[in-house]
Amino acid sequence: MDGKTYQSEEAFLKDYDPTQFERLSLTSDILIFSVSSEKTNNYRKLSDKYLSVLLVKRSNYPFKDKWCLPGGFVGMEESIEEAARRVLKNETNLKDIYMEQLYTFGDPKRDPRMRVVSTAYVALVDKDKLMTPLKEEAKWFRITTKETKEKIEFFLKSEDEVLTFQMKKVWKDQTSDRHWYEEIENESIAFDHTKVITYGLSRIKNKLEYTDIAFHLVPEEFTLGELQQVYEVILGKQLLDPAFRRIIADKVEKTGHYQTGGGHRPSALFRYKEK
């Protein structure tokens, strides 16, 4: 077809041969984070919060018996977002979860079967508020990280299993603090999903600064202590009270109500200040 002149689009399409191009496949992967409260018998103490990620165990090759994010191929008659919702329901049983597009991952060797490009979606929920039970092959893993200048160590723990992997930052543009992530060590997570998890966690941390994402994880009326825990568990570090109050100063307002009971001094309740 190269060099041939056509008089109309209809003539071009009639002569067009799509088999002359190599084909790639498109998938959608779904990264679901949860911030939820630990169970405690100490009614005087505010329940600690922790971060989790939802993984599914692969039953087929490649990467048989390894863990990965919920994901699957996009059908010819569906949008990428429709595929993401279908796959999430099929693999985990979850539905009606608000998701945002995270990034498109297209390393040529990310899937050993063929050339596969994946558009990943990310969501942040409280898993204890989900009404639907998970499928047997899906499981929540609690996330803790340890970061140094050289690497980021991830520890993912469920009730009966511990997964670990290590990542490092690769700077794209140091003047604007733009960077990417490369895998150092991994024996448990399939495909390039360590990169998806790492990049997704970084995105969620950044969103704390300019969105109301943290307020989706506290009640409509909350104490500043509850809200601070949400920030700390996502950021992976403790915040000094004065620094935290500066962060949320323009985002909250007093309700005039107080949290009472539980054996502690009444605490002022706040709500999210609509812009």
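Model, not experiment: these values are computed from the prediction.
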Check: With no hydrogens and no angle check, is any side-chain donor or acceptor of Glu232 less than 3.5 Å from a backbone partner on Leu239?
Finding: yes
Margin query: Take a 6.0 Å sphere around CG of Leu240 and say whether it holds more than 12 heavy atoms from other residues, nucleotides or ligands.
Written below: no
Notebook entry, point to check: Under 3.5 Å, is there a donor-acceptor pair linking the side chains of Asn186 and Thr194?
Noted result: no
Next item on the list: Indicate whether any N or O donor in one side chain lies under 3.5 Å from an N or O acceptor in the other, for Lys49 and Ser37.
Entry: yes
Checklist line | Main-chain N/O of Asn90 paired to Arg86 side chain as donor or acceptor, under 3.5 Å | finding: no
Check: For Lys207, what residues pass the salt bridge (Lys or Arg N to Asp or Glu O under 4.0 Å) criterion, not counting sequence neighbours?
Finding: Glu100
Check: Which pair of non-hydrogen atoms, one from Ser28 and one from Ile80, has the smallest distance, and what is that distance?
Finding: OG-O, 3.9 Å
Margin query: Let's go through Lys168 and Glu182 carefully: what are the C-alpha distance in whole Å and the side-chain angles of both, what is the deciding distance for side chain to side chain contact (heavy atoms under 4.5 Å, CB included) to 0.1 Å, and is it a yes or a no?
Written below: CA-CA 5 Å; Lys168 69 176 180 179; Glu182 286 187 1; 3.5 Å; yes
Next item on the list: Would you check if the side chain of Glu161 reaches a backbone N or O of Ser158 as a donor-acceptor pair within less than 3.5 Å?
Entry: no
Check: Going by an N to O cut-off under 4.0 Å, is there a salt bridge joining Glu147 and Lys169?
Finding: yes
Notebook entry, point to check: Short question: side chain of Arg203, backbone of Leu102 - any donor-acceptor pair under 3.5 Å?
Noted result: yes
Item checked: Trp180 and Lys195, any side-chain heavy atoms less than 4.5 Å apart -> yes
Margin query: Keeping Thr255 on the side-chain end and Leu269 on the backbone end, is there a donor-acceptor pair under 3.5 Å?
Written below: yes
Next item on the list: Over 60° means perpendicular and under 30° means parallel, so classify the ring planes of Phe191 and His193, tilted if in between.
Entry: tilted
Margin query: Is the terminal nitrogen or CZ of Arg142 (NZ for Lys, CZ for Arg) located under 6.0 angstrom from the six-membered ring centre of Tyr50 and within 45° of that ring's axis?
Written below: yes
Next item on the list: Kindly assign one of parallel, tilted or perpendicular to the pair Tyr231 and Phe215, based on the angle between their ring planes and the thresholds 30° and 60°.
Entry: perpendicular
